[in-house]
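Pasting a structure below so you can have a look.
For this chain, numbers begin at 1 and follow the sequence in order. Predicted model, so just to flag it, every value in this text is computed and none were measured.
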Amino acid sequence: MPGYQSAILMPIPQSARYLSFVATPGADLRDALETLATLVDGERCVAGLGASLVASLGAGIAGLHSFPALQSTRLAIPSTPTDLWLWLRGDDAGELFHRARHMQDALAPAFELVDLTMAFRHGDGDDLSGYEDGTENPKGEDAIAAAIAPQGGAAPAGSSFVAVQRWVHRFDLFDAMSPQEQDATIGRRRDDNEEIDDAPPSAHVKRTAQESFDPEAFVIRRSMPWSDGRRAGLVFVAFGKSFDAFIAQLKRMAGLEDGIEDALFRFTRPETGAYYWCPPVHDGRLDLSALKL
């Protein structure tokens, strides 16, 4: 099977930068993508291509489509698609600054940077609320099965699909809750990360229990906290062999399945939402052969 972008299954780094680009009308995208392929190794940088970009090249990837905007009684979950998404990973924020700058220059003028989010590791991989993120991630072969398209499937073997949302936390609302209310919102105790058996049905872990869906909805979460100095929250990143598991979880969180909204919405909301196809890698570079490149 062709290699997958290895960072999909690696622990989150100390620092990261998420870059989103849109294609410039009339630009030579193929040359720019050829350059991109040489710059993305799947470990220090993960790349995802949006449905609109793939379509503009006259190609198609089975299972790739745009992020659906969702609307419930009280909630609006936005769709903010872009053409190209990069996740730059490293230990040195200064080195990432320069790497992001060079990447932007290498892709210009074919691609224009429209969003940049700086992220970082907190604690042992915690959200800024103090709760551990990704506790229920599958491990080993189960992780590969959840996140990577298999040989012989509809999507190119070794590729993955990623859902990306930037959530903005309201810490004034979170801090106004008692510790018991905070635990009940998440469905785990913050001090030992143990699941609360009698947590309310609105608790986040109850809403998103991956084995409770039919079929089971397993994803690999690689989320990281972010801050721009004024606002902060979580860049939610979920990889899957398709988008099916993610959208099943999101619909239940929004209450579209049973009318019960996830208690997370008491203090945080997503302001972006996009889907991307993450191509496989071959010989240390991004494999764009499915696009006839």
Item to check | Check: Asn137 main-chain N/O paired with Lys139 side-chain donor or acceptor under 3.5 Å | outcome: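 Side chain of Lys139 to backbone of Asn137: a pair is present.
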Next on the checklist: Are Ile247 and Met253 connected into the same hydrophobic cluster when the rule is that any two of I, L, V, M, F, W, Y join if their side-chain heavy atoms are below 4.5 Å apart?
Outcome noted: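 Yes, one cluster joins them.
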Item to check | Linked, directly or transitively: Phe120 and Leu96 (ILVMFWY side chains, under 4.5 Å) | outcome: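 No, it is not one cluster - the side chains of Phe120 and Leu96 are not joined through contacts under 4.5 Å.
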Checklist entry - Under 3.5 Å, is there a donor-acceptor pair between the side chain of Tyr131 and the main chain of Asp183? => result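 Checking the backbone N and O of Asp183 against the side chain of Tyr131, a donor-acceptor pair under 3.5 Å is found.
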Item to check | Distance in Å, Thr117 OG1 paired with Tyr18 OH, rounded so as to fall on 0.5 Å steps | outcome: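 Going from the OG1 atom of Thr117 to the OH atom of Tyr18 covers 8.5 Å.
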Next on the checklist: Does either side chain, that of Asp91 or that of Ser15, offer a donor lying less than 3.5 Å from an acceptor on the other one?
Outcome noted: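 Their side chains do not contain a donor-acceptor pair, so the 3.5 Å distance test is not met.
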Checklist entry - Just by distance, do the side chain of Gln210 and the backbone of Val219 share a donor-acceptor pair under 3.5 Å? => result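 Yes, Gln210 side chain to Val219 backbone: donor-acceptor pair under 3.5 Å.
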Checklist entry - Between Glu195 and Arg189, does at least one N-O distance fall below 4.0 Å, as a salt bridge requires? => result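 Looking at Arg189 together with Glu195, the answer is no, because their closest N to O distance does not fall below 4.0 Å.
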Checklist entry - Has the side chain of Gln165 got a donor or acceptor atom that lies under 3.5 Å from a matching backbone atom of Ala274? => result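 No.
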Next on the checklist: Which residue is it: Leu288, Leu286, Val46? I am looking for the one with a side chain to side chain contact (heavy atoms under 4.5 Å, CB included) to Val40.
Outcome noted: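 It is Leu286, the one option of Leu288, Leu286, Val46 that forms the side chain to side chain contact (heavy atoms under 4.5 Å, CB included) with Val40.
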Item to check | Rounded distance (nearest 0.5 Å) linking atom CG of Leu84 with atom OG of Ser20 | outcome: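 Atom-to-atom, Leu84:CG and Ser20:OG are 8.0 Å apart.
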Item to check | NZ/NE/NH1/NH2 to OD/OE distance under 4.0 Å, Arg30 and Glu34 | outcome: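 No salt bridge links Arg30 with Glu34.
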Checklist entry - Under 3.5 Å, side chain of Thr24 to main-chain N/O of Ala27, donor-acceptor pair present? => result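 Such a contact is absent between Thr24 side chain and Ala27 backbone.
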Checklist entry - If you draw a 6.0 Å radius around CG in Asp197, do more than 12 non-hydrogen atoms from other residues or ligands fall strictly inside? => result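 Check fails, neighbour count at 12 or below.
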Item to check | Shortest non-hydrogen contact from Arg207 toward Phe213 | outcome: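 So the minimum-distance heavy-atom pair works out to O-CZ, 3.6 Å.
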Checklist entry - Is there a side-chain contact between Met103 and Cys45, using heavy atoms and a 4.5 Å cut-off? => result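 Met103 vs Cys45: side chains touch.
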Checklist entry - Going by heavy atoms in the side chains, are Ser159 and Cys278 under 4.5 Å from each other? => result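 No, too far: nothing below the 4.5 Å cut-off.
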Checklist entry - Is a donor on one side and an acceptor on the other found under 3.5 Å between the side chain of Thr268 and the backbone of Leu264? => result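 Such a contact is absent between Thr268 side chain and Leu264 backbone.
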Checklist entry - Is it true that a side-chain atom of Gln182 and a backbone atom of Phe174 form a donor plus acceptor pair closer than 3.5 Å? => result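 Side chain of Gln182 to backbone of Phe174, a donor-acceptor pair under 3.5 Å: yes, one is there.
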Checklist entry - Just checking, any donor-acceptor pair under 3.5 angstrom between side chains of His98 and Arg101? => result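 There is such a pair between these side chains.
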Checklist entry - Charged N to carboxylate O under 4.0 angstrom, Glu194 versus Arg188? => result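 Salt bridge: no.
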Checklist entry - Cationic tip of Arg17 within the cone over Phe97's six-membered ring, i.e. under 6.0 Å and within 45° of the normal? => result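 No.
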Next on the checklist: Within the structure provided, determine whether Leu9 and Tyr4 are in side-chain contact (heavy-atom separation under 4.5 Å).
Outcome noted: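 They are in contact (side-chain heavy atoms under 4.5 Å apart), so the answer is yes.
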Checklist entry - Any Lys/Arg nitrogen of Asp41 or Arg44 sitting under 4.0 Å from an Asp/Glu carboxylate oxygen of the other? => result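 Judged by the 4.0 Å cut-off on N to carboxylate O distance, Asp41 and Arg44 do not form a salt bridge.
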Next on the checklist: Is there a side-chain contact between Trp167 and Asp127 in this structure, where contact means two heavy atoms from C-beta onward sitting under 4.5 Å apart?
Outcome noted: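 Counting from C-beta outward, Trp167 and Asp127 never come under 4.5 Å.
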Item to check | Non-hydrogen atoms of Leu86 and Ala47 that approach each other most closely | outcome: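 Looking at all heavy atoms of both residues, the shortest contact is CD2-CB, 3.6 Å.
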Item to check | Results of ring-ring contact (aromatic ring centres under 6.0 Å, His included) for Phe243 - residues two or more places apart only | outcome: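 Phe243 satisfies ring-ring contact (aromatic ring centres under 6.0 Å, His included) with His65, Phe161, Tyr275 once adjacent residues are dropped.
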Next on the checklist: I'd like to know if Ile220 and Phe218 are part of one continuous hydrophobic network [Ile/Leu/Val/Met/Phe/Trp/Tyr, side-chain heavy atoms within less than 4.5 Å].
Outcome noted: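 No, Phe218 does not connect to Ile220 through the hydrophobic network.
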Next on the checklist: Which heavy atom of Thr80 sits nearest to which heavy atom of Glu271, and what is that distance?
Outcome noted: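 The pair with the smallest heavy-atom distance is CG2-O, 4.0 Å.
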Checklist entry - Judged by atom type as modelled, is there a donor-acceptor pair below 3.5 Å linking the side chain of Asp228 to the main-chain atoms of Arg231? => result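 Looks like yes, one N/O pair under 3.5 Å.
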Checklist entry - Parallel, tilted or perpendicular for Phe267 and His169, by the 30°/60° rule? => result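 Perpendicular: the ring planes of Phe267 and His169 meet at over 60°.
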Item to check | Check: Arg166 side chain, Gly273 main-chain N or O, donor-acceptor pair, under 3.5 Å | outcome: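 Absent.
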Next on the checklist: Check for me, please, whether Leu36 and Leu116 land in the same ILVMFWY cluster - side-chain distances under 4.5 Å, paths through other members count.
Outcome noted: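 Cluster IDs for Leu36 and Leu116 match.
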Checklist entry - How close do Ala76 and Gln71 get, heavy atom to heavy atom, and via which atoms? => result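 Closest approach of Ala76 to Gln71, heavy atoms only: CB-OE1, 3.4 Å.
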Item to check | Exercise: identify the closest heavy-atom pair between Ala232 and Leu128 | outcome: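 Looking at all heavy atoms of both residues, the closest pair is CB-CD1, 3.8 Å.
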Next on the checklist: Assess the residue pair Asp142 and Ile144 against the criterion (side-chain contact (heavy atoms from CB on, under 4.5 Å)); give the C-alpha distance rounded to whole Å, side-chain angles, the decisive distance to 0.1 Å, and a yes or no.
Outcome noted: CA-CA 5 Å; Asp142 291 337; Ile144 295 175; over 6 Å; no
Item to check | Close side-chain approach of Pro201 and Lys206, heavy atoms under 4.5 Å | outcome: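 In short, these two side chains do not touch, never coming nearer than 4.5 Å.
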Item to check | Derivation of the side-chain contact (heavy atoms from CB on, under 4.5 Å) call for Val164 and Tyr276 | outcome: CA-CA 8 Å; Val164 183; Tyr276 303 96; 4.2 Å; yes
Checklist entry - Does the distance from a Lys or Arg side-chain N to an Asp or Glu carboxylate O, for Arg121 and Asp133, drop under 4.0 Å? => result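 Looking at Asp133 together with Arg121, the answer is no, because their closest N to O distance does not fall below 4.0 Å.
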Item to check | Distance, nearest 0.5 Å, that separates CG of Leu88 from CE of Met118 | outcome: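 If I round to the nearest 0.5 Å, the distance is 13.0 Å.
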Checklist entry - With a 4.5 Å limit on heavy-atom distance, are the side chains of Lys251 and Phe246 in contact? => result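 Result no, sub-4.5 Å side-chain heavy-atom pair not found.
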Checklist entry - Short question: side chain of Ser223, backbone of Val237 - any donor-acceptor pair under 3.5 Å? => result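 Yes; judged by distance alone, with no hydrogens or angles, the pair exists.
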Checklist entry - Run the side-chain contact (heavy atoms from CB on, under 4.5 Å) check on Asp83 and Leu49 step by step: do they pass? => result CA-CA 6 Å; Asp83 291 316; Leu49 281 62; over 6 Å; no
Next on the checklist: Apply side-chain contact (heavy atoms from CB on, under 4.5 Å) to residues Ser202 and Glu261 and explain how you reach the verdict.
Outcome noted: CA-CA 6 Å; Ser202 62; Glu261 293 175 355; over 6 Å; no
Item to check | Side chain proximity check, Phe67 to Thr272, heavy atoms < 4.5 angstrom | outcome: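 Result no, sub-4.5 Å side-chain heavy-atom pair not found.
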Checklist entry - Are Arg266 and Glu181 close enough that some pair of their side-chain heavy atoms sits under 4.5 Å apart? => result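 Counting from C-beta outward, Arg266 and Glu181 do come under 4.5 Å.
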Next on the checklist: In this structure, would Leu39 and Leu33 fall into the same cluster of hydrophobic residues linked by side-chain contacts under 4.5 Å?
Outcome noted: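 Yes, because Leu39 and Leu33 connect within a single hydrophobic cluster, where side-chain heavy atoms sit under 4.5 Å apart.
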Checklist entry - Do Ser212 and Arg252 have side-chain N/O donor and acceptor atoms under 3.5 Å apart? => result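 There is such a pair (donor and acceptor under 3.5 Å, judged by atom type) between the side chains of Ser212 and Arg252.
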Checklist entry - Which heavy atom in Trp277 sits nearest to a heavy atom in Pro156, and how many Å separate them? => result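 What the structure gives for the nearest pair is CZ2-CG, 4.0 Å.
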